[in-house]
J.: 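Dropping a structure here in structure tokens format, bear with me for questions.
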Amino acid sequence: MMPRDGVAQEADAAVNSARVRERLSEWIAQRIEVAAPIAAVALLVVNGLGFLWGTGKSTVFSAASMVWQSVLLLIEAWIMRRPSIRRYAREVGLIVASLVFASMVLDGWVQGEPTTSALLLAAFVLVTPAVLPWGWKSQLAFAAMGTVAFLATLALTVGVSTGLSTPWGSAIIVAAVASLGIAMQLEAVHTAAIEHALRQERERALYQELVDRAVEAILRTDINGSIQFANDAAARLFAVDRQELLGQRFFDFVAIPTREEVVRFFAEQYRGNDDRALRETPIVDAKGNRKWASLTVRTLRRGSQRDGFHIVARDITERVRIVEQLRQSEVRFRSTFERAPIGIALVATDGRFLQVNGALCQMLGYSAQELCQRDFQSITFPADLAADLALVGECLQGLRDTYEMEKRYVRRDGKLVTARLLVGLVRDSHGIPVYFVSLIEDITERRRLERELAQAKEAAEAANRAKTMFLARMSHEIRTPLTGVLGMLDLLRSSALTAEQLEYVETAKSSGETLLALLNDLLELSRIESGRIDFQVDTVDSHRLIHDVCRAFRAQAETKGLGFELAVAANVPQFVRIDPKVLRQILVNLVGNAVKFTTQGCVGVEVQWQASDDEHAGTLCLVVRDTGPGIAPGEFEHLFEPFAQGSAGRRTGGSGLGLAIVRRFAEACGGGAWVESEWGVGSTFHVRLPLEVAAPRQPSQQTSAAVAEEPVPAGARKRRSRRVLVAEDHPVNQMLLRRLLEKGGYEVRLAGDGNAALACLEVERFDALLLDVQMPGVDGLELTKIVREREARGECFSRSGGTVPIVVLTAHAWAEDRERCLQAGANAYLAKPVHAAVLYASLNQCLPAEQEMEGEPARVA
Ligand code: ADP
């Protein structure tokens with residue numbers, strides 16, 4: 001089998017030889033086309049002239065033969081124009097030549113000049129085929145045929161034996177050989193020429209194809225830039241038909257702002273020695289689209305002359321667009337990086353700074369160049385380095401990709417910078433760590449402010465604690481004498497007095513009560529302000545509480561000649577969960593103000609319940625209306641601030657604490673308080689308290705605040721009096737308590753302090769102990785603890801056996817004091833000043849039932 005290349009070559013050769021033959025036929029056809037009519041005309045003219053001058057042949061046959069030959073030649077020339085015939089030009093030529101030859105031979109015979117005829121024919125046959133490259137084989141055949149015909153003619157006319165030996169015969173033989181040689185030579189020359197032409201043609205076709213199919217626009221212009229040649233790509237680039245492009249100026253397609261520059265560039269190329277140059281330029285195509293092209297320009301030379309430019313233009317619009325986008329993105333990134341208000345650094349995996357921004361340089365006091373010669377380890381505060389390195393290590397081990405920490409850097413000037421560091425590890429496409437991106441925020445100032453704030457808060461809290469302590473102490477200091485004053489007034493009132501004296505006593509008592517209320521308000525507000533609201537949430541009979549409060553104020557209102565209306569909506573739940581003190585104080589403050597400030601008209605209290613989705617919860621809405629002076633415009637905002645008084649308040653007096661307490665309480669419950677008022681017409685105060693609905697239950701143990709009715713003193717009802725040990729250091733209070741208790745039928749033993757009380761307990765048993773908390777030496781709480789401890793060890797101090805009831809008395813009015821008392825082991829707690837009724841009620845509750853008191857068990861030592 002022939003190798004593939006060989007087959008291809010053979011096929012190529014076959015195609016080539018066919019094309020050469022075709023070319024030869026074409027070459028012959030072209031010549032026949034020209035030569036045949038000329039020969040026909042020449043034949044006619046020469047013979048015609050000969051006929052006229054009498055030198056030519058004069059027979060009709062000769063004339064007809066000549067015409068016939070001319071016609072034959074003309075027909076040949078005519079049919080040669082058909083492409084299908086041209087391919088067979090040689091064959092047709094041969095046939096026509098044969099016919100002409102035959103006609104001549106016949107004419108020679110008819111004219112009786114066979115030799116001339118034979119010579120002409122031999123010349124024709126030998127020369128014509130030799131000149132026309134019919135190929136050496138046909139030429140050989142012709143030469144042989146001509147020679148044989150000639151020799152045959154000679155033999156017929158001159159004689160066979162002498163035919164070859166005649167000079168004509170020898171000449172014909174030489175001519176035949178020569179014609180054969182010429183024909184062979186000519187064929188070789190023709191074949192080579194045609195093959196060369198074919199090669200050139202093929203190369204031209206190849207170049208044409210290359211140019212036509214080129215992606216780049218290829219143009220040729222004259223020295224003025226006028227386009228003389230353009231390929232398809234050029235037509236596409238300039239969006240114009242290829243033919244239309246010819247004659248247009250190349251520079252007209254260059255965008256105007258750069259046109260002059262490009263023309264100068266071409267001029268430089270024209271003048272310069274470097275005949276090739278590259279340049280990128282914006283162009284505008286025929287449709288007005290702006291594009292970018294890269295131009296390779298080459299000056300064309302003809303001899304020493306330069307006669308134009310060869311331009312290769314490539315459409316780089318997309319590339320330029322992408323490059324521009326990249327550039328813009330780079331610019332954006334750069335400016336983001338540079339202008340970021342936070343420090344940004346790219347850090348190599350070994351800690352070297354690769355790139356840093358201005359904010360970081362400013363933060364650390366180094367220039368970018370200096371930082372890029374360092375690593376983060378060298379500027380990290382030593383104590384923080386280990387933690388940072390550990391996190392870096394975790395990143396590099398692939399345990400994490402980011403981390404966040406707070407660390408300190410050492411600035412160039414040696415100062416410390418506290419920073420929040422956010423680090424992300426960047427990996428390449430194979431997951432290999434490349435560098436870290438670090439965001440470094442300077443929080444030195446923030447930390448300083450936080451420290452200062454914490455110190456300020458601490459100081460404020462300390463001040464608040466000091467204030468609270470002060471208030472507590474003052475409360476105690478004021479309450480203690482006030483207890484004496486009010487108690488004595490109570491005693492005085494129950495003694496035999498004249499009407500005038502009774503009025504004085506009542507006035508003094510009322511003033512004392514006011515002072516006490518103010519003291520309570522101050523304490524309450526201070527407690528709220530210091531965040532020590534300690535609600536004793538309990539199940540409260542809301543209806544009862546509201547009616548109780550309103551009953552008291554109704555009486556006051558009626559005394560002032562005011563109407564008083566209370567409307568409790570039917571859906572208000574009877575039992576709710578709230579600190580009763582809160583609800584009571586809100587109502588007391590609002591209704592009290594309404595009654596206080598209103599001089600005519602009426603006061604109305606509305607209580608509504610706003611249910612919620614939860615059937616066990618809702619909002620208690622309290623509305624207190626009055627027809628009082630109203631609130632002046634501009635006063636609304638401040639009324640709920642502590643110590644703020646409106647025009648009405650300034651006229652009647654007051655502390656300005658009531659509304660502040662109302663709002664604070666309401667807000668502490670999750671609700672709110674506000675007022676609507678028309679100056680000179682009246683006011684409406686609203687309070688909303690989100691509350692839980694409670695199941696009804698037995699009222700809780702009464703404390704000092706919960707006792708409202710005056711009970712019968714326990715001691716007064718007993719068959720034998722009950723013995724109470726009173727431990728109190730203040731002489732006025734000692735006297736007051738003694739009097740109150742004795743009045744209630746109790747037998748009283750007095751002790752001036754805790755130690756004296758302990759001494760009393762050693763010698764006597766008691767039904768109850770009434771201990772003041774604050775006493776010199778062993779105070780009331782300590783004494784309570786001692787008693788309870790000793791009881792736990794088996795001692796007994798009670799007349800009725802078991803543990804002795806202890807009621808603690810204190811001037812401290814806060815809830816935590818109550819807790820402390822109860823925790824120490826007291827049974828009840830009473831805040832000073834003590835009302836007789838409250839004292840009796842408390843003792844009543846603590847003391848065992850009467851029948852248990854009959855016998856007095858022996859005291860265990
Ligand atoms: P006080 O009543 O002790 O002055 P409050 O905090 O209870 O303190 O009230 C603050 C101020 O609000 C009062 O001074 C008064 O001017 C105004 N105010 C309160 N209630 C009413 C009311 N019902 N009608 C008119 N003004 C009122």
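Counting starts at 1 for both ligands and their atoms, in listed order.
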J.: Is Gly630 close enough to touch ligand 1? Criterion: a residue heavy atom under 4.0 Å from a ligand atom.
T.: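 Yes; Gly630 lies near enough to ligand 1 that a heavy-atom distance drops under 4.0 Å.
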J.: Does the residue Phe640 have a heavy-atom contact with ligand 1, meaning some pair of atoms that are separated by less than 4.0 Å?
T.: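 No; Phe640 lies far enough from ligand 1 that no heavy-atom distance drops under 4.0 Å.
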J.: Relative to the heavy atoms of Ser683, which atoms of ligand 1 are at a distance of less than 4.0 Å?
T.: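 Reading through ligand 1 atom by atom, the close ones are 24 (N), 25 (C).
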J.: Taking 4.0 angstrom as the limit and counting only heavy atoms of Gly656, give me the atoms of ligand 1 inside it, by number and element.
T.: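 Those atoms are 1 (P), 3 (O), 4 (O), 6 (O), 8 (O).
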J.: Give a yes-or-no answer on whether the side chains of Gln501 and Thr498 include a donor-acceptor pair shorter than 3.5 Å.
T.: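 Looking only at side-chain atoms, Thr498 and Gln501 do form a donor-acceptor pair, the distance falling under 3.5 Å.
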J.: Only heavy atoms of Gln645, strictly under 4.0 Å: list the atoms of ligand 1 that pass.
T.: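 Here the atoms of ligand 1 in question are 4 (O), 14 (O).
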J.: With heavy atoms of Ile631 as the reference, note each atom of ligand 1 found under 4.0 Å away.
T.: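 Matching atoms, with element in brackets: 26 (N).
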J.: With a 4.0 Å heavy-atom cut-off (strictly under), which part of Lys596 contacts ligand 1: side chain, backbone, both or neither?
T.: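 The answer is the side chain of Lys596.
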J.: Looking at ligand 1, would Leu657 count as a contact under a 4.0 Å heavy-atom criterion?
T.: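 Yes, Leu657 has a heavy atom closer than 4.0 Å to ligand 1.
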J.: Examine the proximity of ligand 1 to Leu659 and report which part, side chain or backbone, both or neither, has a heavy atom under 4.0 Å away.
T.: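 Both backbone and side chain of Leu659 come within 4.0 Å of ligand 1.
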J.: Please could you name the atoms of ligand 1 that Gly646 approaches to less than 4.0 Å, counting only its heavy atoms?
T.: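 Once the distances to Gly646 are compared, the set is 11 (C), 13 (C), 14 (O), 15 (C), 16 (O).
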J.: Check each heavy atom of Ala644 against ligand 1 and say whether those closer than 4.0 Å belong to the side chain, the backbone, both or neither.
T.: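 Backbone only.
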J.: Which of the numbered atoms in ligand 1 are under 4.0 angstrom from any heavy atom belonging to Phe685?
T.: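 The list of qualifying atoms is 19 (C), 20 (N), 21 (C), 22 (C), 23 (N).
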J.: Can Leu769 and Val807 be said to form a side chain to side chain contact (heavy atoms under 4.5 Å, CB included), step by step?
T.: CA-CA 6 Å; Leu769 309 183; Val807 176; over 6 Å; no
